[in-house]
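First the proteins, then the strands, lettered A, B, ... as listed; each starts at 1. Basis for what follows: all heavy atoms, side chains included, without hydrogens, waters or symmetry-related copies. Worth saying up front: this structure is predicted, and the values here are computed from it rather than measured.
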There are 2 protein chains.
Amino acid sequence: MTTSAAQRRERARAEYNAFLAVCPSHQLLARVSDKWVTLILSALGSGGDCAGEPGAMRYSELSRLLAGVSQKMLTQTLRSLERDGLVTRTVTPTVPVTVTYALTDLGLSLQHTMRALKSWAETNMDDVFDNRATYDERVG
Amino acid sequence: MTTSAAQRRERARAEYNAFLAVCPSHQLLARVSDKWVTLILSALGSGGDCAGEPGAMRYSELSRLLAGVSQKMLTQTLRSLERDGLVTRTVTPTVPVTVTYALTDLGLSLQHTMRALKSWAETNMDDVFDNRATYDERVG
DNA sequence: CTGTATCCTATATGATACTG
DNA sequence: CAGTATCATATAGGATACAG
């Protein structure tokens, strides 16, 4: 009888859990090393460089600012950020309800690093693209 | 006739390209906001906090250090990092071939931020876990 | 306006076997 | 040792419709 997919999955999960037991911070690191997390935190803190809108932002503002994001991912990522205590979600019971998101202190502390990351990307973008072109040419 | 999946895909792609045209650095940012990229860069520069091995590392060393990574993802991520000019790949034609990876100057400049990110994760891990517990309790 | 629920596809990722 | 190739699967992520 062949090893079932479930068994293999379980073994992989066990290994991964052992890994996390050694380095539990990797779990958080992996969570934070996410495209949408990076973009949302960058957007929330200072609006970033694409469309500067500082301070708290409404759901629809974020949606517009992060042009590529779907409703699903935006909501999902915001929820996880709220759960982790990085952002606050404030509901104002206006006629059509208004919801604003803002960084907590914890979120702010991370946002500093996120901005560094974003800044790095902007600074070294040209270099990286050159490197890619060179590499692709050598490989063909 | 319903809109085909291909048509919808194309529209989404067009939107995303327009988005990247406005903010091309987001492409690089998304690339760098990757779990394995973060872990590999952290590992390469100084071995990190789980098992400190500074300097250049061999493929097998990386594989061991990043316990959860598969061959595929390790190779794939290393290739992309090499293409982007963040790491060098050096082949030494010993009897069983030896391959070492090391950070370039560009990689080093990013690794600094990566370490900040890792450091943040380690510092605030407990806070985040507390926040999660609190949130889960409120929601049930 | 701000979501939630459902369905569906593409991509990421892992397991496995094979190669120089 | 350091991969490459292939297959299988889980998850990410998007489209759409509906709700408070």
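- Nucleotide D/dA2 holds its C1' atom 13 Å from the CZ atom of B/Arg64, rounded to whole Å.
- In this structure, B/Glu61 places its CD atom 13 Å from C1' of D/dA2, rounding to the nearest Å.
- B/Asp84 has its side chain out of reach of B/Leu106: every pair of non-hydrogen atoms, C-beta onward, lies at least 4.5 Å apart.
- Proximity of A/Tyr59 to the phosphate of C/dT4: no side-chain N or O atom is located under 4.0 Å from OP1 or OP2.
- When rounded to the nearest whole Å, the span between CH2 of A/Trp36 and P of C/dA12 equals 13 Å.
- Nearer the 5' end of DNA chain D, as judged by each residue's closest nucleotide, is the contact made by B/Thr100, out of A/Ser70 and B/Thr100.
- In this model, the phosphate group of C/dG3 is approached by a side-chain N or O of A/Arg89 to a distance below 4.0 Å at OP1 or OP2.
- For the pair B/Arg31 CZ and C/dT11 P, the computed distance is 15 Å after rounding to whole Å.
- Projected onto DNA chain C by closest heavy-atom contact, B/Pro96 and A/Thr75 fall at different nucleotides, the more 5' of which corresponds to A/Thr75.
- Regarding B/Ile40, its CD1 atom lies at a distance of 13 Å from the C1' atom of C/dT13, rounded to whole Å.
- Pairing each heavy atom of B/Val87 with each of B/Leu78, the nearest pair is CG2-O, 4.0 Å.
- To the nearest angstrom, P of D/dG13 lies 13 Å from CG of A/Leu74.
- B/Tyr101 places its OH atom 8 Å from the C1' atom of D/dA2, with the value rounded to the nearest Å.
- For C/dC1, the OP1/OP2 oxygens have no side-chain nitrogen or oxygen of A/Thr94 closer than 4.0 Å.
- Side-chain N/O atoms of A/Thr98 include none lying less than 4.0 angstrom from OP1 or OP2 on C/dT2.
- Considering only side-chain atoms of B/Lys72, the nucleotide from C/dG3, D/dT4, C/dA15 that sits closest is C/dA15.
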Worksheet item: Checking salt bridge (Lys or Arg N to Asp or Glu O under 4.0 Å) for the pair A/Glu61/A/Arg64: CA distance, chi angles, key distance, verdict?
Response: CA-CA 5 Å; A/Glu61 288 182 284; A/Arg64 237 180 305 111; 5.5 Å; no

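- Nucleic acid contact class of B/Gln71 (heavy atoms, under 4.0 Å, all strands): base.
- Atom CG in A/Asp34 sits roughly 15 Å away from atom P in D/dT11 (whole-Å rounding).
- Residues A/Ser33 and B/Val37 have side chains not in contact (no heavy-atom distance under 4.5 Å, counting atoms from C-beta outward).
- A close approach under 4.0 Å does occur between a side-chain nitrogen or oxygen of A/Arg58 and OP1 or OP2 of C/dT2.
- Taking all atoms of both residues into account, the shortest heavy-atom contact from B/Ala43 to B/Leu62 is CB-CD2, 4.1 Å.
- Checking C/dG20, D/dG3, C/dT4 against the side-chain heavy atoms of B/Val97 singles out C/dG20 as nearest.
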